[in-house]
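Start at 1 and go down the list; that is how both ligands and their atoms are numbered. All values derive from a computational prediction rather than experimental measurement.
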Amino acid sequence: MAVLRGSVELVLPICERPASKSTTLAKLLRWRSQSRHKASSISTALSELDGGPDSSELLTELEWLLDDAVESCVIHRPEKRKIQGWRHLKSALELEECGRGDRDDLDQERNDTLAGHGEIFLRASLEELEQGWKERIDRRRPFQYVTGSSHWRDLVLGVQEGVLIPRPETEQLIDLAAAAMDGNSELARGVWVDLGTGSGAIAIGMARLLDGRGSVIAVDASEVAIAVAEANARRYKLQDAVTLVKGSWLTPLRDEAGKLSGIVSNPPYIPSRNLGRLQAEVGKHEPMCALDGGDDGIDHLAEICQGACWALKSGGFLALETDGGEQAQTVAKILSDKPFEDIKVVKDFAEMSRFVTAFHT
Ligand SMILES: C[S@@+](CC[C@H](N)C(=O)[O-])C[C@H]1O[C@@H](n2cnc3c(N)ncnc32)[C@H](O)[C@@H]1O
């Protein structure tokens, strides 16, 4: 299900589609059982190959897919009743939780009776779910592209091919910006920029943090990213708080020179030589323009540091995500040769030196 925005076909996340498809409960349970079998047969093969998902992760994803797709079930006999959502249906059927044992349900006979009289209302047809699950496992298509959505902080964002799936570690950039504003409430009333917005995750997180006090400009060079980010801003009724701009880093913001309160960015930072070694979900499916950071992974980070010198106002805040470790130290060194102070390398939740923050002098 897609909507055309400019030349970009925007995919509607499964969880937001109307429940316009139906099938029998028996067919759905048969498909779930086959899909669980397919997931279980993977065991640890993909995680050993390139750090991909193992069976238990895939089984969890399968339940999430059903959460998104199943709107309700009407059981016609013995008495008519409606069960809302996959979680409730699952507990009504006493289906086994994913990942435990290899039996699919606890009371086969009772479930066979219910399944024979159950009608399921779906947000995606059973054929689409079958196709999606096949692509997930056989083609290693990322789960978030299969469902068309990604959970990030407290947001559910639309994502699709051509746009990076926002990562959990990036969530911390919003906390770093919040901490900078805590010490200086003036910053919150200014203009903030998210460079390389992708799905719009950081821009939307920032707009919610600013809560009407300041505004956000979200820049990306990719037309798909701009269209997806715009749709996500609309999803959260933040279209007036987030201005989308297509262009390269700070180049389209020359008019803002010396005026910005903050720049937050998670630019492409993977060294080009490492791109061939990525997990298949990332390397085969996510956009290279969101990953490739040039020879040492530092090209875009260095360009943003350079631009931040003229774009930020005095006291303005810069927060950058890096590949971690040595690269974070290199970025801190780049900033130390420029008009920045209070330069910090900040660890992520996995204790990796990941972010670099600084204030313009
Ligand atoms: C690592 S992704 C980050 C996406 C998003 N901010 C996030 O954290 O999920 C980097 C983004 O930078 C964008 N990008 C790459 N080169 C760019 C450039 N020269 N100017 C602006 N954006 C660029 C890519 O299209 C991609 O959306």
Side-chain angles (χ1 to χ4, degrees), residues 8 142 144-145 149-153 155-177 192-209 216-233 238 242-254 256 260 262-272 274-275 278-279 281-283 285-295 297-308 311 318-324 327-328 331 348 354-356:
V8 178
Q144 291 87 342
Y145 289 159
S149 61
S150 175
H151 292 246
W152 192 84
R153 289 180 74 94
L155 306 169
V156 181
L157 299 166
V159 290
Q160 63 187 67
E161 265 87 355
V163 168
L164 190 96
I165 297 160
R167 305 295 203 266
E169 58 270 24
T170 307
E171 296 182 1
Q172 219 175 316
L173 277 174
I174 308 295
D175 300 322
L176 294 173
W192 285 70
V193 174
D194 168 18
L195 292 177
T197 196
S199 63
I202 297 171
I204 293 167
M206 282 304 306
R208 280 158 74 98
L209 182 67
V216 181
I217 301 174
V219 179
D220 207 290
S222 149
E223 199 177 345
V224 184
I226 291 291
V228 170
E230 192 177 37
N232 280 325
L238 288 169
V242 179
T243 304
L244 276 306
V245 176
K246 185 171 176 293
S248 184
W249 304 131
L250 286 155
T251 315
L253 303 183
R254 282 276 166 200
E256 301 294 328
L260 300 180
I263 295 174
V264 184
S265 182
N266 170 26
Y269 52 57
I270 299 175
S272 305
N274 294 345
L275 293 170
L278 294 171
Q279 187 184 321
E281 278 80 357
V282 183
H285 295 273
E286 295 203 85
M288 274 303 138
C289 63
L291 303 170
D292 189 351
D295 281 352
I298 211 89
D299 289 6
H300 299 293
L301 284 159
E303 188 174 337
I304 291 169
C305 290
Q306 185 61 40
L318 174 66
L320 298 170
E321 181 173 322
T322 74
D323 205 11
Q327 193 183 84
V331 172
D348 63 18
R354 171 73 63 191
F355 307 99
V356 182

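- Under the ring pair (Phe, Tyr, Trp, His ring centres under 6.0 Å) criterion, His285 pairs with no residue, sequence neighbours left out.
- Using a cutoff of 4.0 Å between basic side-chain nitrogens and carboxylate oxygens, Arg167 and Asp348 are not scored as salt-bridged.
- Between Glu230 and Lys246 there is no salt bridge, since no side-chain N of the basic residue sits under 4.0 Å from a carboxylate O of the acidic one.
- Between the side chains of Glu321 and Tyr269, at least one donor-acceptor pair of N or O atoms lies under 3.5 Å.
- Residues Asp292 and Ser272 have side chains that bring a donor and an acceptor to within less than 3.5 angstrom of each other.
- Protein residues with a heavy atom under 4.0 Å from ligand 1 are Leu164, Pro166, Thr170, Gly196, Thr197, Gly198, Ile202, Asp220, Ala221, Ser222, Gly247, Ser248, Trp249, Asn266, Pro267, Pro268, Cys289, Ala290.
- Using modelled atom types, no side-chain atom of Thr322 and backbone atom of Phe355 make a donor-acceptor pair closer than 3.5 Å.
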